[in-house]
Each structure stands twice: as structure tokens, then as C-alpha cells.
Amino acid sequence: MEATSQQRYIGKVVGITGSSRGIGRKLALRFANEGADVVINYFRNGDAARDVANEVEQLGRKALVVRANMAQPEKIHRMFDTINEHFGRLDVFVHNAASGRNRPALDIDVKGWDWTINTNARSFLVGVQEASKLMPPEGGSVLAISSFGSDHVFPNYTAVGATKAAIESLVRYFAVELADRKINANAISAGAVVTGALEHFPGIERTWGQIEQKIPYGRMVDADDVANLALFLCSKEAEMIRGQTVKIDGGITLLVP
């Protein structure tokens, strides 16, 4: 755990979907390190989620582990009911969970498309609707984890990329509609992040090497880079940044070609 002199989230409750591993796990630990109690959501990796909870508690914070399939609205509703029963509030909601049918556009079947849309985009819509009900009068923050596949073409990323574009659009609508309740909404568009999540893509080793060679800053983005930005965007310091998608990619999307 990195040392920090800031405790921006003392007394706050932060809920993060898909936080049993990867970026979500890192976010859970970094928010806890700055004083937050954390809701850890998972679908398939219960042992990993409980490991994250133990780490959060070792930092002196409370942890709530909730299993919920983001593709099923009733499970999302139940997750927020559990959060309300346990904490009675939610100050920050981070939409990180993602899944998808990793194929070229011409090979995506309807079942895979619906699964991807429902898990990634519809869940964000339903999640923010529910999360905003638990946010206190002094406001809160909504943050979506997007990716460069929302506006660039990445091999076999068609379905997920389309959902990320939808999420970024939803962020803008939420930022306007929730502004009078002092609830902020933004998105982080991360480049290829070193977490292992992309290992499910065919031929990723070759693509990964090509990306790493092109990054102007000379290294891949990691989960700590994403956490550094997330902690800022969900803080009071960022209250005038609203409805934005902030890229964190080492400069790779600046290049043509």
C-alpha cells in the first residue's frame, strides 16, 4: 500500500462494483487507505472479494462484501438495499464491473451483445439511479471506469467498446440531472491497464507488445495510475469537473497513426 498524507474519505462510504480484483480491488484499497469504509461487489470471485475485505479491515476501515450479478437489475436493487441496511448511506459510487463477448463486430451474436450491454451499460444506469437515493444532502460522486475502446478500435473489443461509449454518454446526462443535488459524475478512460483483464482477448500478447512500444511515456498504465485519478475526481477538489471523460493512457491516443 502506498503511503498517503491525505485522508479525504474519512467518514465516507464508497461502493465499487467488480472490486474483487484488478482495478476494482486497487480502488477499494486506495479509498480505504484514505479513510473510507468500502462496499466490495463481486459476482464469481467470492474468495478474492473476501481477501479484499480483509485487507480493507487491516487498514482500520469497515468492509461489506455483496455478491450481485450486474446483468440482473433485481440483484442490483438488492445490493443497494443491503448497503442501506448496513451503512445507511453511500457517498461515492464507482461503476467498474465489466464483461463482454470478445469477438469482431461481424461475429457477435445477439445473446453476447445483450449480455455485454446489460452487464456494462444498463447496470450503470440502474446503479446510479439506486446509488443517488443513498447519497446525503451534502452530495456525492459517481465515477465510471471506461476505456479507450469507447472511441478507438481495439481488436475483438466491439461489444465492450460500444458499452463504454454508452457509459460515457450517460455520465454527461447524470452530471446535469444530479448537479442540483451536488452529486458529481465523471468517467475515467484508461488505456491498456496492466491487470490481467485483457488476457481473455485472442492474440493479446502481440497486441500488448505493440501498444507498449507506442506509448510516448514509455510504460503501461497500471491500476495505481487509475486510482490516483479516481481519488481526485471523487473528492471535493474536483467539484467543478462535471460530466467529463478523463483519459489516462500515457499519451498513446494522441498518436496518428
Side-chain angles (χ1 to χ4, degrees), residues 1-42 45 48-68 70 79-80 82-84 86-98 123-124 127-128 130-132 134-136 138-146 167 171 174 182-190 193 195 197 221-239 241 244 246 248:
M1 181 62 59
E2 289 190 350
T4 175
S5 60
Q6 301 189 77
Q7 292 282 286
R8 290 173 286 190
Y9 294 94
I10 289 179
K12 306 292 187 183
V13 179
V14 177
I16 305 163
T17 64
S19 43
S20 64
R21 55 183 179 165
I23 293 173
R25 172 184 177 276
K26 178 62 69 174
L27 292 173
L29 298 178
R30 290 290 302 276
F31 273 106
N33 199 41
E34 289 210 12
D37 296 327
V38 183
V39 179
I40 299 155
N41 158 256
Y42 77 99
N45 298 287
R50 286 181 283 275
D51 287 343
V52 177
N54 288 335
E55 292 184 74
V56 167
E57 290 169 351
Q58 288 172 12
L59 292 168
R61 308 314 315 167
K62 297 177 182 176
L64 172 66
V65 177
V66 184
R67 183 175 189 267
M70 291 294 108
M79 178 178 74
F80 284 100
T82 302
I83 294 171
N84 191 30
H86 195 87
F87 287 118
R89 64 185 290 161
L90 188 67
D91 300 278
V92 175
F93 173 59
V94 181
H95 178 67
N96 169 69
S123 63
F124 181 50
V128 176
E130 293 299 307
S132 61
L134 300 183
M135 291 187 176
E138 60 266 31
S141 294
V142 168
L143 180 69
I145 304 301
S146 186
I167 287 168
V171 160
F174 283 136
K182 301 179 181 178
I183 298 173
N184 203 353
N186 287 295
I188 291 175
S189 177
V193 183
T195 64
V221 176
D222 63 29
D224 263 316
D225 296 318
V226 179
N228 288 335
L229 181 55
L231 287 160
F232 169 68
L233 288 176
C234 295
S235 73
K236 180 73 173 176
E237 298 164 301
E239 68 174 349
I241 302 173
Q244 302 301 307
V246 182
I248 179 166

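The closest side-chain heavy-atom distance from Leu143 to Val92 is not below 4.5 Å. Side-chain contact between Asp91 and Pro136 is present, with heavy atoms from C-beta onward closer than 4.5 Å. For the pair Val39 and Val66, the minimum side-chain heavy-atom distance is below 4.5 Å. Looking at heavy atoms from C-beta onward, Ile145 lies in side-chain contact with Val226 at the 4.5 angstrom threshold. Ser132 is not listed as a side-chain neighbour of Phe174, based on a closest heavy-atom distance of 4.5 Å or more. In this structure, Leu231 and Tyr9 have side chains that are in contact, with non-hydrogen atoms separated by less than 4.5 Å. Looking at heavy atoms from C-beta onward, Leu229 lies in side-chain contact with Leu233 at the 4.5 angstrom threshold. A heavy-atom distance below 4.5 Å is not found between the side chains of Val128 and His95.
A donor-acceptor distance shorter than 3.5 angstrom exists from the side chain of Asn186 to the backbone of Gln244, with no hydrogens or angles considered. The backbone N or O of Gly24 lies less than 3.5 Å from no partner atom in the side chain of Ser19, so there is not a single donor-acceptor pair. Panel note: side chain Thr17, backbone Asn41; no donor-acceptor pair is recorded below 3.5 Å. Looking at Asp225, its side chain never comes within 3.5 Å of a backbone N or O of Val221 through a donor-acceptor pair.
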* Show your working on side-chain contact (heavy atoms from CB on, under 4.5 Å) between Phe87 and Leu134 and close with a plain yes or no. => CA-CA 10 Å; Phe87 287 118; Leu134 300 183; over 6 Å; no
* To do: Apply the test ring pair (Phe, Tyr, Trp, His ring centres under 6.0 Å) to residues Phe93 and Phe80: give CA-CA distance (whole Å), side-chain angles for both, the deciding distance (0.1 Å), then the verdict.
  => CA-CA 11 Å; Phe93 173 59; Phe80 284 100; 5.6 Å; yes
* Quick one: do Met135 and Val142 satisfy side-chain contact (heavy atoms from CB on, under 4.5 Å)? Show the steps, please. => CA-CA 10 Å; Met135 291 187 176; Val142 168; 4.2 Å; yes
* To do: I would like to know whether Glu138 and Arg89 meet salt bridge (charged side-chain N to carboxylate O under 4.0 Å, His left out); could you show each step before the answer?
  => CA-CA 12 Å; Glu138 60 266 31; Arg89 64 185 290 161; 3.4 Å; yes
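None of Arg61, Lys62, Lys12 except one satisfies the salt bridge (Lys or Arg N to Asp or Glu O under 4.0 Å) rule with Asp37; the exception is Arg61.
Partners of Ala63 by side-chain contact (heavy atoms from CB on, under 4.5 Å), not counting sequence neighbours, listed by chain and number: Ile40, Ala53, Val56, Glu57. Listed by chain and number, the residues in a side-chain contact (heavy atoms from CB on, under 4.5 Å) with Asn45 are Ser20, Arg21, Ala48 (sequence neighbours excluded). Under the rule for a side-chain contact (heavy atoms from CB on, under 4.5 Å), the partners of Arg50 that lie at least two apart in sequence or sit in another chain are Tyr42, Asp47.
Atom CG of Asn96 and atom OG of Ser146 lie 11.5 Å apart (nearest 0.5 Å).
Minimum interatomic distance between Arg8 and Phe232 (heavy atoms only, all atoms of both residues): NH1-CA, 3.9 Å. The two residues Asp224 and Arg30 make their nearest non-hydrogen contact at OD1-NH1, 2.7 Å. Nearest approach of Leu59 to Ala32, heavy atoms of both residues: CD1-CB, 3.9 Å. Between Ala97 and Gly18 the shortest heavy-atom distance is CB-N, 3.7 Å. Phe31 and Ala230 make their closest contact through CZ-O, 4.2 Å (heavy atoms, listed as atom of the first residue, atom of the second, distance).
For the pair Glu55 and Arg25, the salt-bridge criterion is met [side-chain N within less than 4.0 Å of a carboxylate O].
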